[in-house]
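Below you'll find the structure, written out as structure tokens, and then a few comments.
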Amino acid sequence: MDQIQTDILNLLRKADHPLIVPDVRVDGDSIGSAAAIIDYLALVGKSAKAYISGPLPERYQFIPHADKMTTDPGVLVDPTIDLLIFVDCSDGPYVAEILGKMKASPSIINIDHHATNPRYGTVNLVDTGAPATAELVYQLLVAANYSFTREAVTALLTGITFDTTALGNGGTNARALNAVADLTMMGGKPEAVANKLLRNRRVQALRVWGTALGRLRKYPEHNLVVTHLTRADLTENGVTDDEMYELKNYLGIVSETDTVCVLKEQEGSNGSKAAEGAKGSVGASFRSVKRDVAALAKQFGGGGHKQAAGCEIPGTLQEAEATLLAALQKPMP
Ligand SMILES: [Mn+2]
């Protein structure tokens with residue numbers, strides 16, 4: 001066990017009122033990592049909750065300990081909180097926002113695998129070689145000699161499966177395969193997790209995927225393909241943003257170009273008004289093989305991983321695409 005793991009386990013064991021805070025983006029890795037830590041804390045006699053920024057989307061309802069994840073900001077003002085555990089969170093302003101709402105001044109554990117993590121913790125377990133934060137939590141629990149429950153196994157498989165798109169994307173490495181093999185030996189069901197998390201899409205949602213696929217535009221000079229989704233695509237078909245989430249990941253896996261970009265009108269942007277020049281913004285998600293899309297996203301105030309990143313670009317869909325193409329003309333800063 002290394003020193004950082006020892007320090008984290010000591011803080012977890014010492015804490016009377018720990019609170020877990022997954023990243024502001026509720027996703028399989030942030031939620032799976034949180035669930036595994038809740039599970040471990042229960043074993044050492046602590047009933048911990050996780051504070052999440054928004055309700056759990058339907059497809060995450062199967063996550064163990066979902067009942068201990070709350071959107072109630074009231075949990076943050078509890079003056080007895082003595083430990084915060086951030087997982088998968090490289091978002092400094094979000095950490096500051098959470099701390100700003102608190103009455104207590106707890107110790108902070110920071111477990112993450114993003115290169116852009118600002119290391120805001122009392123203890124920072126930040127490892128960009130990890131395929132998922134859940135893999136770091138897995139290593140931590142191995143170091144703790146934890147006898148993994150079925151719940152912890154499912155939670156950790158969820159994190160790794162999500163971030164590696166079922167061991168299919170560029171983030172998949174030996175550590176991912178090792179952890180998944182080990183968790184499978186413990187009785188985990190990676191196929192079942194992948195089905196719940198990444199497959200089983202509703203036909204309505206797949207039709208909208210089809211619309212987006214039909215709009216693919218290739219920019220060979222940038223080794224890039226771009227597509228877009230309007231708010232109307234979603235509302236007229238009765239599908240949610242969450243149901244579109246995997247589109248960029250599958251495009252990233254199956255496209256011949258280096259980089260894929262999915263542009264999506266943000267909620268609150270009105271397509272027709274935006275077209276008339278009113279304010280609006282576009283979410284841009286990137287997946288790549290070689291290009292550093294984290295650096296690209298950072299130019300627009302976003303971030304992420306080298307091969308998977310995102311940002312928000314002001315303007316209409318057309319304007320956002322033009323802005324993006326202009327940024328690619330220039331050499332990277
Ligand atoms: Mn992650």
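Read the numbers this way: they start at 1 and go in the same order the structure lists the ligands and their atoms. Quick caveat: nothing in here was measured; it's all calculated off a predicted structure.
Between Glu321 and Arg217 there is a salt bridge, since a side-chain N of the basic residue sits under 4.0 Å from a carboxylate O of the acidic one. Salt bridge annotation for Arg231-Glu265: absent, with no cationic side-chain nitrogen under 4.0 angstrom from a carboxylate oxygen. Of the charged side-chain nitrogens involved, none lies within less than 4.0 Å of a carboxylate oxygen, so that Arg287 and Asp258 do not count as a salt-bridged pair.
At least one N/O/S atom of Asp29, whether from backbone or side chain, sits less than 2.8 Å from the Mn ion (ligand 1). For the Mn ion (ligand 1), the N/O/S atoms of His113 include one lying under 2.8 Å. Note on Asp23: not counted as a metal contact of the Mn ion (ligand 1), no N/O/S atom lying under 2.8 Å. Under 2.8 Å from the Mn ion (ligand 1) lies no N/O/S atom of Asp112, from backbone or side chain alike.
Per residue Asp88, closest N, O or S atom to the Mn ion (ligand 1): atom name OD1. Among heteroatoms of the N, O or S kind in Asp163, OD2 lies nearest the Mn ion (ligand 1).
Phe162 and Tyr60 have perpendicular rings, their planes meeting at more than 60° on a 0 to 90° scale where under 30° would count as parallel.
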- Determine, step by step, whether Asn249 and Asn169 satisfy the side chain to side chain donor-acceptor pair (under 3.5 Å) criterion, reporting the C-alpha distance in whole Å, the side-chain angles of both residues, the deciding distance to 0.1 Å, and the verdict. CA-CA 8 Å; Asn249 290 327; Asn169 68 24; 5.3 Å; no
